[in-house]
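Here, residue 1 is the first one in the sequence, and each next residue gets the next number. Read the numbers this way: they start at 1 and go in the same order the structure lists the ligands and their atoms. Everything numeric in this text was worked out from a predicted model, so none of it was measured.
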Amino acid sequence: MTTTDVRDPYLAETEHVDPEIFRLIKAEEQYQVETVRLIPSENYTSRAVMEATGSVLANKYSEGYPGKRYYEGQRNVDEIETIVIDRAKALFGVEHANVQPYSGSPANLAVYVGLLDLGDTIMGLALPHGGHLTHGWTASATSKFWKSIRYEVDETTHLIDYDKVREMALRERPRIIVAGATAYPRSFDFKLFGEIAKEAGAFFLADISHIAGLIVAGAHPDPAPYADAVMTTTHKTLRGPRGAMIMCKEEHAEKIDKAVFPGLQGGPHENTIAGVGVALKEAATPEFREYGHQIVANAKALAAELRERGFDLITGGTDNHLVLMDLTAKKVIGKKYAKALDRANIVANYNTIPFDPRKPFSPSGLRIGTPSVTTRGMKEDDMRQIAAWMDQVADNVKDEDALDRIANEVRDFCRNFPAPGMHVV
Ligand SMILES: *Cc1c(COP(=O)(O)O)cnc(C)c1O
């Protein structure tokens, strides 16, 4: 069956108007259905989220905030954005929410613009140790507008050393401390970060982009009681459209709102905001709670089986949705391994590991995670099967026939797990 054999009511017009783009969207849909997707920042949204995101709300301009707009014609948009704000506040237990940031990077920028003066010091986790670019890494503009200092993980345990974090905070007196990561397989002690920040006279930003869905589900400690601001993307474990939210204490609300608009952004993407609203409604259900816990159970099962098969894991395992593998002992290079996995229909990304002896564009690690496979209903036994294929791929990186044979097995396996929102099977 080819992709175009499947009639898709949502893309019928696209097929008619722009067959070239249509063909590629359908090919991507097929790809997402037929592969085991292990990129920990990706997921499958529901069709409801996609519908709201692709709706007529994309036609609107609504600069400002509900009740205080610079455009007329907001009778529906104001109601929508207010509902989404209220859902965010209820779900995360926060005093204030701004749902307008276009994505995670501009949202972090807005927190800094709102709470700091230019030249103040940001203290964040170093990128090679799991932090995000926007936590003050060299390549990010956040390190140009503000001074940045970086804490690291411990050289032997690869865990955050809270004594060292405290020591650095008291010595350097940063204006803000950022806790959050893109490649840290363990839980954050947000309470302790909050205490350290208070002691150092710093603001505390919890960047929960990767783990927001786990927090909502009660599968990871919640920073809301301790943080001045909580930033999350909406498209990772939270399973919404691509966007972000900033949540904060009432005392910071005005500064944060002004930083987002008119400080950094123009018209908010109300179509995305509506999609976020749908995702937040879905995230408030008992099914989502179960989903969050299953993500972690699956990650632990995947980690255990990989270890059993001789893979080295950073910190030895995981508490959350992701596993960071050190491939040195397996004698494969991250980039080559990720490419071979993709050929075998398993999608992951090569990643720097802490104190990596190799260069960032060809590092020693591979980063995998379970949000997407868990959305498809895969369980612990399925993780063991995936680990077995990953092991076979590592042994056959250069054997294209072997990789193609595994790819066929993976494709057949995926047929047992319908992907939400998809119209191909
Ligand atoms: C993904 C992520 C971001 C940035 O989000 P984008 O939407 O890609 O800009 C920021 N911080 C953390 C911890 C992230 O994981």
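- Between Phe190 and His220, the distance separating the two ring centers is shorter than 6.0 angstrom.
- Here is the list of ligand 1 atoms found below 4.0 Å of a heavy atom in Asp207: 10 (C), 11 (N), 12 (C), 13 (C).
- Close approach to Gly104 involves these atoms of ligand 1, each under 4.0 Å from a residue heavy atom: 4 (C), 5 (O), 6 (P), 7 (O), 9 (O).
- Ring centroid separation for the pair His158 and Tyr184 does not come in under the 6.0 Å cut-off.
- The protein non-hydrogen atom at the shortest distance from atom 7 (O) of ligand 1 is Ser103 OG, 2.4 Å.
- Taking the six-membered ring where the residue is Trp, the centroids of Phe261 and Tyr70 are separated by under 6.0 Å.
- In terms of protein heavy-atom proximity, atom 3 (C) of ligand 1 is closest to His132 NE2, 3.3 Å.
- In this structure, Tyr162 has its ring center under 6.0 Å from that of Phe193.
- If you look at Ser209 next to ligand 1, the close heavy atoms, those under 4.0 Å, all belong to the side chain.
- Atom numbering of ligand 1 starts at 1 in the shown order; those under 4.0 Å from a heavy atom of Ser105 are 4 (C), 5 (O), 6 (P), 9 (O).
- Cation-pi contact between Arg239 and Tyr291: present, with separation from the ring centre below 6.0 Å and deviation from the ring axis of at most 45°.
- Near His235, with a cut-off below 4.0 Å to any heavy atom, the atoms of ligand 1 are 7 (O).
- Regarding atom 1 (C) of ligand 1, its nearest protein heavy-atom neighbour is Lys236 NZ, 1.4 Å.
- Both tests hold for Lys330 against Phe311: distance to the six-membered ring centre under 6.0 Å, angle to the ring axis within 45°.
- For Glu79, the CD atom counts as loosely surrounded, since its 6.0 Å shell holds 12 or fewer non-hydrogen atoms of other residues, nucleotides or ligands.
- Of all the atoms in ligand 1, the ones that sit under 4.0 Å from a non-hydrogen atom of Thr233 are 5 (O), 7 (O).
- Counting heavy atoms closer than 4.0 Å to ligand 1, residue Ala181 contributes backbone atoms (N, CA, C, O) but none from C-beta onward.
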